[in-house]
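Keep in mind it's a predicted model, so treat the numbers as computed, not measured. In what follows, every heavy atom counts, from backbone to side chain, and hydrogens, waters and symmetry copies are set aside.
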Amino acid sequence: GMKVTPEVEVPRVPTEPVAPAEKVKRIDFSSLNKVFRFSAEIPAEWEVEYIPELTALNVYDPAAPASSIRDQSQIYITRFESNRFLTISTVTITRQDKTVVAGHDAVLYEIEKKPGGPNFRNQPAWRNKKHRATDIRLSRNNPSLFYPFAYNPELSEDIFQKFVDSLAFH
């Protein structure tokens, strides 16, 4: 038969504590307005504000040091309908990389509002600073819905990338 060796107490080597996996929750953004046909995971403590006058979504961190929900914004999501990727004339594009997100064509932009241009109304203050946005095309049909996902320049690119990687389109 098999020889059974008695269990020996192995001295434990102290290991670095493993950072707990950040808790996330999946949000179906179409529940806020059916035009936003996707869901994604956000950190569990974050919240989402729907901005009806802009048909926009403000994903914000209630713990962020700011005086308003709008300025606690971490990710700002809008939509437009077009035959092609569009940019607005009031910003300077400092970077533009084609990519694919969840099988959908996308473009990563780095944009900066032109000096003297009007501030974005009803939008987070950081939208007026240099920041990045990933625009995702929903379908190959013309016209298609497009979803720009802009993120706060203070937010780590890693957290934004996790959000983008978690996107699922309906």
Side-chain angles (χ1 to χ4, degrees), residues 22 24-64 66 68-91 93-113 118-141 143-170:
E22 283 134 63
V24 293
K25 60 186 174 189
R26 181 162 285 274
I27 302 284
D28 181 353
F29 293 96
S30 68
S31 65
L32 295 146
N33 181 323
K34 60 184 190 303
V35 74
F36 294 104
R37 292 160 50 186
F38 52 87
S39 67
E41 287 177 356
I42 63 173
E45 63 277 8
W46 287 11
E47 298 296 339
V48 183
E49 171 199 28
Y50 174 60
I51 309 171
E53 59 273 32
L54 297 171
T55 317
L57 300 168
N58 172 26
V59 182
Y60 67 98
D61 178 357
S68 71
I69 285 176
R70 204 63 48 86
D71 286 336
Q72 290 175 324
S73 174
Q74 302 300 310
I75 299 172
Y76 179 79
I77 307 165
T78 51
R79 64 91 188 84
F80 63 87
E81 210 172 339
S82 175
N83 291 349
R84 59 188 176 86
F85 286 91
L86 292 180
T87 54
I88 49 177
S89 58
T90 54
V91 299
I93 297 162
T94 49
R95 182 177 159 190
Q96 189 169 339
D97 299 325
K98 285 189 170 159
T99 179
V100 173
V101 174
H104 297 262
D105 290 336
V107 176
L108 170 75
Y109 295 101
E110 185 174 69
I111 58 175
E112 188 164 20
K113 192 172 69 70
N119 277 0
F120 289 110
R121 292 189 50 157
N122 299 323
Q123 296 192 23
W126 58 258
R127 286 273 290 151
N128 299 300
K129 301 179 183 143
K130 181 184 257 193
H131 65 280
R132 291 184 177 169
T134 296
D135 288 18
I136 302 173
R137 181 176 184 139
L138 183 63
S139 80
R140 294 240 152 88
N141 305 337
S144 170
L145 277 166
F146 287 76
Y147 299 114
F149 294 84
Y151 70 99
N152 189 327
E154 306 284 309
L155 180 65
S156 95
E157 199 168 341
D158 187 48
I159 293 178
F160 180 69
Q161 197 52 53
K162 281 198 178 94
F163 168 85
V164 169
D165 290 344
S166 77
L167 279 166
F169 293 88
H170 306 333

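- Closest of all the heavy-atom pairs between Q72 and A64 is NE2-O, 3.0 Å.
- Under a 3.5 Å cut-off, the side chain of R137 and the backbone N or O of N141 do form a donor-acceptor pair.
- Enclosure of atom CZ in R26 by more than 12 non-hydrogen atoms of other residues, nucleotides or ligands within 6.0 angstrom is indicated.
- Atom CD1 of I75 is separated from atom CZ of F163 by 4.5 Å, given to the nearest 0.5 angstrom.
- Note on residues 40-49: pairs passing side-chain hydrogen bond (donor to acceptor under 3.5 Å, both in side chains), not counting sequence neighbours, are E49-N58, E49-R70.
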Under the criterion side-chain contact (heavy atoms from CB on, under 4.5 Å), I'd like the reasoning laid out for Y76 against L54: C-alpha separation, chi angles, the key distance, then a yes or no. CA-CA 11 Å; Y76 179 79; L54 297 171; 3.4 Å; yes
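- Taking CZ from F146 and CD from E81, the interatomic distance works out to 9.5 Å, rounded to the nearest 0.5 Å.
- Between H104 and A102 the shortest heavy-atom distance is CD2-O, 3.0 Å.
- Side-chain atoms of Y50 and T55, non-hydrogen and from C-beta on, do get closer than 4.5 Å to each other.
- A donor-acceptor pair under 3.5 Å is formed between the side chain of N128 and the backbone N or O of F120.
- Listed for the Q74 side chain is no donor-acceptor partner under 3.5 Å among the backbone atoms of V59.
- The two residues L167 and A40 have their closest heavy-atom pair at CD2-CB, 3.7 Å.
- By the side-chain hydrogen bond (donor to acceptor under 3.5 Å, both in side chains) test, T94 is found to be paired with E110, residues two or more places apart in sequence or in another chain being considered.
- Put simply, the side chain of I111 reaches to within 4.5 Å of the side chain of H131, judged on heavy atoms.
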Please determine whether side-chain contact (heavy atoms from CB on, under 4.5 Å) holds for the pair Q123 and I51, giving the CA-CA distance in whole Å, both sets of side-chain angles, and the decisive distance to 0.1 Å. CA-CA 9 Å; Q123 296 192 23; I51 309 171; over 6 Å; no
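- When all heavy atoms of A106 and V101 are compared, the pair lying nearest together is CB-CG2, 3.8 Å.
- Note that CD1 of I77 and CG of N33 are 12.0 Å apart. Values are rounded to the nearest 0.5 Å.
- Distance check: H170 NE2 to R37 CZ gives 8.5 Å after rounding to the nearest 0.5 Å.
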May I have the step-by-step check of side-chain contact (heavy atoms from CB on, under 4.5 Å) for D135 and F80, ending in yes or no? CA-CA 10 Å; D135 288 18; F80 63 87; 4.1 Å; yes
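- Between Y147 and F36, the ring planes lie tilted relative to each other; the angle falls in the 30° to 60° range.
- A 4.5 Å side-chain heavy-atom check between I136 and F169 finds at least one atom pair inside the cut-off.
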In residues 149-160, what donor-acceptor pairs under 3.5 Å come from side-chain atoms, sequence neighbours left out?
unit_1, atom_1, unit_2, atom_2, d
N152, OD1, E154, N, 2.8
N152, ND2, S73, O, 2.9
S156, OG, D158, N, 3.4
S156, OG, I159, N, 3.1
E157, OE1, R132, NH1, 3.4
D158, OD2, K162, NZ, 3.2

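- You'll find the side chain of D105 reaches within 4.5 Å of the side chain of F85, heavy atoms only.
- In this structure, A56 and T78 approach most closely via the heavy-atom pair CB-CG2, 3.8 Å.
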